[in-house]
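The block underneath contains the structure these notes are about, expressed in structure tokens.
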Amino acid sequence: VNAAPPHGHVICSQRWRNAAVLQGLKGVIILFEDELGLADFHLPNRTAILYVSECDIIAGNGYKRKLVCYRNACSRFQELVLVERTRLTEQYFSAVQKFVLFDLGLTLLPVGGQVEASQLIAQISSENPFRRRTPRRLLEPSVLALVQHIPGVGRVKALTLLQHFPSIQQVCNASVAELEPIVGQTSAQQVHSFFHKPLVEH
DNA sequence: TGAATTAGTTA
DNA sequence: TAACTAATTCA
């Protein structure tokens with residue numbers, strides 16, 4: 001299946017039937033598909049998502065093989081990798097991140113669990129690819145809420161941040177230097193750490 | 001340093 | 001939700 005789903009739809013691999021991630025996708029029509037390759041979701045704006053769960057990471061290095069295949073398989077979609085970052089995966093997160101970002105060159109977004117993932121999926125699929133460049137875009141409440149969960153980022157900084165980087169992906173890919181003039185030095189570091197550094201104890 | 005902002009608490 | 005407050009951050 002190499003065609004992107006129509007607007008408002010999400011193609012979902014059969015193995016996610018009855019999963020919690022689908023319950024957060026309200027207002028989205030979910031089409032189940034057997035042959036989605038390695039991807040777990042296909043979104044209308046030609047985004048493919050591979051979900052690396054807590055179990056995948058803890059189970060060993062098998063996920064790497066899956067990621068490599070994923071990287072090499074579906075070329076007509078923009079490949080995105082959602083990685084569960086939890087207490088259990090904390091110690092492995094840095095390694096997963098390096099592998100995904102540096103070795104494979106894919107975009108990685110950390111999520112706390114399936115609920116958070118569903119918010120991201122809803123947000124990403126609501127992005128109309130034909131309107132991506134419009135200067136003023138309605139702010140998705142879910143994105144705003146998510147961004148405000150970053151330490152040091154409240155209402156004001158979340159708003160200004162999303163004016164410069166309208167999507168989560170853009171915020172994620174922003175460097176500290178790009179972030180600094182927008183949210184200040186301290187928060188710039190915190191935002192970057194939120195997406196790029198493993199959780200630190202203490 | 002003063003203003004602005006965050007984040008937690010309370011009603 | 002709104003208002004208040006302590007602590008932090010910014011210019």
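Values below: all heavy atoms of this structure, side chains included; hydrogens, waters and symmetry mates excluded. Residue numbering restarts at 1 for every chain, and letters A, B, ... go by the order of the sequence lines.
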Original post:
What is the distance, rounded to the nearest whole Å, between atom CD of Gln148(A) and atom P of dA7(B)?
Top reply: 9 Å
Subject >> Whole angstrom value for the distance that separates P of dA4(B) from CZ of Arg155(A) >> reply: 13 Å
Original post:
Mind checking whether Trp16(A) and Phe41(A) have parallel, tilted or perpendicular rings, split at 30° and 60°?
Top reply: tilted
Original post:
Given Asp40(A), which of Lys66(A), Arg17(A), Arg15(A) fulfils the salt bridge (charged side-chain N to carboxylate O under 4.0 Å, His left out) condition?
Top reply: Arg15(A)
Subject >> Spacing of Ile150(A) atom CD1 relative to dT6(B) atom P, expressed in whole Å >> reply: 12 Å
Original post:
Rounded to the Å, how far apart are Glu180(A) CD and dT9(C) C1'?
Top reply: 12 Å
**OP:** Quickly, which of Asn45(A), Ile30(A), Ile29(A), Ile11(A) forms a side-chain contact (heavy atoms from CB on, under 4.5 Å) with Pro5(A)? Name it, please.
**Re:** Ile11(A)
Original post:
Is any side-chain N or O of Thr186(A) closer than 4.0 Å to OP1 or OP2 of dC10(C)?
Top reply: yes
Subject >> Gap between atoms NE2 and P, on His149(A) and dT6(B) respectively (whole Å) >> reply: 14 Å
**OP:** Whole angstrom is fine here: how far is it from CD in Gln185(A) over to P in dT9(C)?
**Re:** 11 Å
Subject >> Axial cation check for Phe194(A) ring with Arg85(A), 6.0 Å and 45° limits >> reply: yes
**OP:** May I have the distance from Phe194(A) (atom CZ) to dT6(B) (atom C1'), rounded to whole angstrom?
**Re:** 16 Å
**OP:** Would you kindly give the CG-to-P distance between Leu179(A) and dC10(C), to the nearest whole Å?
**Re:** 12 Å
